[in-house]
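Numbers here simply count residues along the sequence, with the first being 1. Any value given below was found using the heavy atoms of this structure, including those in side chains, with hydrogens, waters and symmetry copies removed. For ligands, and for the atoms within them, numbers begin at 1 and follow the listed sequence.
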Amino acid sequence: MSQSMQVSRADFDRVMMPNYAPVDMVPVRGQGSRLWDQEGREYIDLAGGIAVNSLGHAHPELVEVLTRQAQQLWHVSNIMTNEPALRLASKLVAATFAERVLFVNSGAEANESAFKLARRWAHDNFGPDKHEIIACSNSFHGRTLFTVSVGGQAKYSQGFGPAIAGISHVPYNDIAALEARISERTCAVVLEPVQGEGGVIPATAEYLQAVRELCDRHDALLIFDEVQSGMGRTGKLFAYMHSGVAPDIMTSAKGIGGGFPIAAMLTTDRVAPALSVGTHGSTYGGNPLGCAVAERVLDIINTPQLLDGVNERSAQLVAGLRTLNDELGVFSTVRGQGLLIGAVLSERYQGKAGQIMRLAQSEGVLVLQAGPDVVRLAPSLIIPEADIRDALGRLRSALLKLAE
Ligand SMILES: *Cc1c(COP(=O)(O)O)cnc(C)c1O
């Protein structure tokens, strides 16, 4: 019955909540960096499910580990622990600054956990006045009430009642602004090492270093939101590794499950005790299916060959975009790190990122936007060279239509 029921994009407007405006095609199958819709049309996927499908669609090793785990054990809750969670946590600890891991189900939930941890840690060690969180303008940290309050885009928190108090925002990459704001009341400073939704803007290494020093001077925790920038996306396992500046708390989601919903919050032995037994939790967090898949994702991504490959593909894609731009002059700059790339629209094409996304789709290539003025690309970390070449050709056709 459920298999034979015919559905189409029109059903979305009838039965789904109106908070999304999905494109007009419905994908039904994916393989590597290609997707096919209900009509059998093929697309090259440079969107990657918004930086989630880190190993493309239907990666054979992920399919294998997911189906094997599905036959063994799906869910036990946190009344028990499980082997995939313990293995994944051990590998994350071995690969990063962290000594402790909490598994949750989304980027927002990982950040929610990070902010609660920071406040509780400061409360327990310094008292209730030390609860202020400083975040960056234009940052994005998720859609729960706490995370939209911390996020630096007012439009996401407006109209949802009083925002959570004790949060302020400073311009990104501006150390003087942070220095002026931070105080003994600050419990945490949170930032994305590469702002994703905010326009694909990397932090400078000097900024991260100076933020670290300010946090240390004021006994504030440094939180890196690596939900989008982590898991190989920038050419290192986590973006903080480019600068050598380690945070006290880090969140990971999106790419960590390669498309299976799982997220993690990582921290140190110094900070972790603040979430003692009973202070926090999540029914599905650390679910064996998600952890088994993420363990394999981590095994595959955290190798020099794969990470070098990200940098090679990045160079190919950026060079291709610049060549397109020499011809068409649509971008003022191409920025980003690794395979998180933002092509900033030139003056003449400002505000047209959404239109470019739709034109690209009709030419058979899927791209993202990051605000109205930036075309964002976040393809599979193992996208074949030939797919990049084809995708650039299709993008060229789309941009030619834009110019018409
Ligand atoms: C996507 C994103 C989030 C939110 O993740 P969800 O899984 O959608 O809750 C948080 N922070 C950053 C930097 C993101 O890119």
Side-chain angles (χ1 to χ4, degrees), residues 17 19-20 22 47-54 102-118 133-153 155-157 160 164 167 169 172-173 188-203 208 222-234 237-240 242 247 249-266 282 284-287 290 293-294 297 336-342 367-371 374 376-379 381:
M17 286 293 288
N19 60 313
Y20 300 117
I50 316 189
V52 167
N53 299 107
S54 44
L102 175 79
F103 292 119
V104 290
N105 307 288
S106 69
E109 197 186 356
N111 285 327
E112 179 89 18
S113 305
F115 305 152
K116 283 181 69 182
L117 169 60
I133 295 174
I134 303 176
C136 291
S137 318
N138 279 322
S139 63
F140 183 77
H141 299 298
R143 297 295 199 119
T144 64
L145 189 58
F146 201 165
T147 54
V148 290
S149 302
V150 172
Q153 291 178 272
K155 65 175 185 209
Y156 292 143
S157 56
F160 292 104
I164 291 179
I167 297 162
H169 297 93
Y172 188 64
N173 269 333
V189 174
V190 54
L191 59 88
E192 299 161 81
V194 182
Q195 277 195 342
E197 304 299 312
V200 192
I201 307 170
L208 295 177
L222 177 55
I223 304 174
F224 284 165
D225 177 347
E226 293 236 28
V227 167
Q228 188 156 165
S229 60
M231 288 307 287
R233 178 60 48 194
T234 68
L237 184 62
F238 287 97
Y240 82 84
H242 290 283
I249 304 174
M250 181 178 77
T251 53
S252 177
K254 292 205 166 93
I256 193 173
F260 197 96
I262 173 173
M265 179 191 73
L266 288 73
S282 174
Y284 290 133
N287 167 288
V293 174
V297 170
Q337 211 168 20
L339 285 172
L340 185 53
I341 298 169
V367 302
L368 298 165
Q369 59 183 117
V374 180
R376 177 175 38 152
L377 308 179
L381 305 183

#### Entry: N/O donor-acceptor pair under 3.5 Å between H169 side chain and V150 backbone
yes
### Query
In ligand 1, which numbered atoms sit nearer than 4.0 Å to a non-hydrogen atom of N111?
10 (C), 11 (N)
### Task
Indicate yes or no: does an N/O atom of V227 lie under 3.5 Å from an N/O atom of ligand 1?
no
### Query
Which protein non-hydrogen atom lies closest to atom 5 (O) of ligand 1, naming both residue and atom, and how far is it?
G107 CA, 3.2 Å
## Note on the structure
If we number the atoms of ligand 1 from 1 as shown, the ones under 4.0 Å from a heavy atom of H141 are 10 (C), 11 (N)
### Task
For the pair S139 (side chain) and G152 (backbone), establish whether a donor and an acceptor sit closer than 3.5 Å, ignoring hydrogens and angles.
yes
### Query
Judged by atom type as modelled, is there a donor-acceptor pair below 3.5 Å linking the side chain of N111 to the main-chain atoms of T147?
no
### Query
Counting N and O atoms only, with roles assigned by atom type, does the side chain of E226 sit under 3.5 Å from a partner on the main chain of M250, one being a donor and the other an acceptor?
no
### Task
Within a distance under 4.0 Å of any heavy atom of S106, pick out the atoms of ligand 1 and give their elements.
7 (O), 9 (O)
### Contact partition for T251 relative to ligand 1, non-hydrogen atoms under 4.0 Å
neither
### Message
Does the plane of the ring in F140 sit parallel, tilted or perpendicular to the ring in Y156? Use 30° and 60° as the thresholds.
### Response
perpendicular
### Message
Can you report which non-hydrogen protein atom sits closest to atom 14 (C) of ligand 1, along with the distance?
### Response
K254 NZ, 2.9 Å
### Query
Closest non-hydrogen protein atom to atom 9 (O) of ligand 1, residue and atom name please, with distance?
A108 N, 2.7 Å
### Message
Test your reading of the model: is there a side-chain donor-acceptor pair from R143 to the backbone of V148, 3.5 Å cut-off?
### Response
no
### Summary
Ranked by distance from atom 11 (N) of ligand 1, the top protein heavy atom is D225 OD2, 2.7 Å
### Task
Indicate, as side chain, backbone, both or neither, the part of E192 found under 4.0 angstrom from ligand 1 when only non-hydrogen atoms are considered.
side chain
### Summary
Here the atoms of ligand 1 under 4.0 Å from any heavy atom belonging to G142 are 4 (C), 10 (C)
### Task
Show your working on side-chain contact (heavy atoms from CB on, under 4.5 Å) between S113 and M265 and close with a plain yes or no.
CA-CA 7 Å; S113 305; M265 179 191 73; 3.8 Å; yes
### Donor-acceptor under 3.5 Å (Y172 side chain, I201 main chain)
yes
